[in-house]
Amino acid sequence: MEDKNFYITTPIYYVNGDPHMGHVYTTIASDVLARFKRLDGYNVHFLTGTDEHGLKVYQAARDKDMTAQELTDQCSQKFRDLGKMFNFSNDDFIRTTEDRHKKGAQALWKKLEEAGDIYLDKYAGWYAVRDEAYYNEDELYEDEQGVKRACPTGAEVKWVEEESYFFKLSEWQDRLLEFYEKNPDFIQPQSRKNEILSFVKSGLKDLSISRTTFDWGIHVPGHESHVMYVWIDALTNYITALGYPDEKAPLFEKFWPADIHMVGKEITRFHCVYWPAFLMSAGVQPPKKVFANGWMTVEGEKMSKSVGNVITPETLIERYGLDGSRFVLLRIAPFGNDCDFSHEHAVNMINSDLANGLGNLAQRTLSMIVKNCDGIVSARNALTSEDKDLLDEAYQMLEGVRVEFDAVRLHKGFEVIWKVVSAANGYIDAQAPWTLKKTDPERMGVVLSVLAEVIRCLGLIIQPIMPDSSEKLLDQLEIPQNERNFMHLSPEYALKAGTTISQPQGVFPRIVEEDAA
Ligand code: MSP
């Protein structure tokens, strides 16, 4: 059988400040997809890392009285630590200050030069350090204090004039439009696609791709007074991490083109316009898909230090636990849309979906098996249509989630799973095994056994979302480690009669408001 490969990446994060909830949001979504694909039989390569060059990082270091290298070393480590804290399953972590990356970025530059797509000129225009982006005059507005800002990001822009190398982006307009047409799923969701299409259709200007006024960057090969524009450097991480420029490198052969670049919506232009143009110019295939997640605000406001509403990754974990945080961030809104995080909403979701929904289902079922069946799972004999319907729903769940996750509709995937949780809770209430205990103990054993099998299926399918809790649940059901892939989500591997269950521990605790405040 042909190997199934899946390559997913997060943006590489700037090291000018500490990681926050927004960074965690994109990486959790990517982690869930990476874990899902692994369990679904794919060879997965999941990449994240840090973007360490450019003026923004250089200035942040200067403001902190540190060298750029000291700041990047310190801050990159914080992003790595964050990965451990949130149980991210990335296979690699790239830093753009590593030699493997510098070598690859310079090689890409040379390819663009050989293709005749680079020329030297003078740049005179607007630049926003915060976005590390060039803006056209028609993209700007003045705030109340008369400061020129870029719309829609609101970053302050400054006039820049310097010698610069340019990439002939203007010549790529038709080829890009043709590429989008042939690859209709390249940009997702649709709203972002519309923005990109109208941006490209309105005409592309050549892009300044080097700077001379500071030198915290990768030197332009053969022109040492220039450093590469941080975005050409940064985007290249997706291929240098696979061994580029060696296109025969095992990882490159296996995983390029990437299946998904997961990014925040504010950086789609870089990923959907510049990146495919650079790659096509260098004779490398563009990625298959760029998915842009929406922006997260907190209690209706943009997260900012001055408002004092920044939620640190540590606070999230303290309040909601590791798996609770992972769950809440992805369940909060349709994935791809902007979303607003509120403590109240988070507590509600944890209490209703996790503690009352899945947690209560598992706890009720497993403790009844312990109490009333000596902890032994009964044979599932003489199944009724209700039993069969519930089991069928549990076995069909995988296909439903697969379809939704493949389309990066994470919230819809969650709905498929929680539909089964509700069906199982409805079933337990309708069958009332606590009554059957007196009237028909044999039937009670069957009902509890059906439920235990459904819980096994649920425990398997939630692994990508909540790796720790699912492990506890599957351990309680004595599911062997080598029977925890999605191929085991079928009747063939059903929980065997005679399996012994020990006294269950609640896996999804309720949050009591006073504790969390
Ligand atoms: N270094 C560039 C990316 C280069 S990729 C080749 C960059 N870095 S960043 O540190 O600013 O991280 C931006 C990313 O963090 C966003 O694209 C998004 O994925 C995530 N988010 C940061 N804040 C966010 C929110 N408030 N809400 C949702 N995601 C946000 O841009």
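Counting convention: from 1, in listed order, for ligands and their atoms alike.
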Original post:
Considering residues at least two apart in sequence or located in another chain, which fulfil the side chain to side chain contact (heavy atoms under 4.5 Å, CB included) criterion with E266?
Top reply: W295
**OP:** Specify side chain, backbone, both or neither for Y238, according to which of its non-hydrogen atoms lie closer than 4.0 Å to ligand 1.
**Re:** side chain
**OP:** Tell me which one of E52, E266, M296, K302 gets a heavy atom nearest to atom 26 (N) of ligand 1.
**Re:** M296
Original post:
Closest non-hydrogen protein atom to atom 19 (O) of ligand 1, residue and atom name please, with distance?
Top reply: T26 OG1, 2.6 Å
Original post:
What is the nearest protein non-hydrogen atom to atom 12 (O) of ligand 1, stated with its residue, atom name and distance?
Top reply: Y13 CD2, 3.4 Å
**OP:** Ignoring hydrogens and angles, state whether a donor on the side chain of T9 or H261 is under 3.5 Å from an acceptor on the partner side chain.
**Re:** yes
Subject >> Exercise: do T27 and Y13 side chains pair donor with acceptor under 3.5 Å >> reply: yes
Original post:
Is the ring centre of F214 less than 6.0 Å from the ring centre of H53?
Top reply: no
Subject >> Protein contact to atom 11 (O) of ligand 1 [nearest heavy atom, distance to 0.1 Å] >> reply: Y14 CD1, 3.5 Å
**OP:** Ignoring angles and geometry beyond distance, decide whether G264 reaches within less than 3.5 Å of ligand 1 through its nitrogen or oxygen atoms.
**Re:** yes
Original post:
What atoms in ligand 1 come closer than 4.0 Å to a heavy atom of W231?
Top reply: 2 (C), 3 (C), 4 (C), 5 (S), 6 (C)
Subject >> ring-ring contact (aromatic ring centres under 6.0 Å, His included) partner of F36, chosen from F405, F6, Y42, F46 >> reply: F405
Original post:
Under 4.0 Å from any heavy atom of D51, which atoms of ligand 1 are there?
Top reply: 1 (N), 2 (C), 4 (C)
**OP:** Measure T297 to ligand 1 on non-hydrogen atoms and call it side chain, backbone, both or neither using the 4.0 Å cut-off.
**Re:** neither
Subject >> Parallel, tilted or perpendicular: ring planes of F335 versus F291, cut at 30 and 60 degrees >> reply: parallel
Original post:
Quick one: which ligand 1 atoms are inside 4.0 Å of a heavy atom on I267?
Top reply: 3 (C), 17 (O), 31 (O)
Subject >> Reference residue R95; test salt bridge (Lys or Arg N to Asp or Glu O under 4.0 Å); the match among D73, D233, D51 >> reply: D73
**OP:** For ligand 1, note which part of K265 has a heavy atom under 4.0 Å away: side chain, backbone, both or neither.
**Re:** neither
Original post:
Can the positive tip of R269 be found less than 6.0 Å from the middle of the six-membered ring of F199, inside 45° of the ring normal?
Top reply: yes
**OP:** Could you tell me whether ligand 1 has any atom less than 4.0 Å away from a heavy atom of H20?
**Re:** yes
Original post:
Of the choices C339, S30, P19, G22, which has the non-hydrogen atom that lies closest to atom 30 (C) of ligand 1?
Top reply: G22
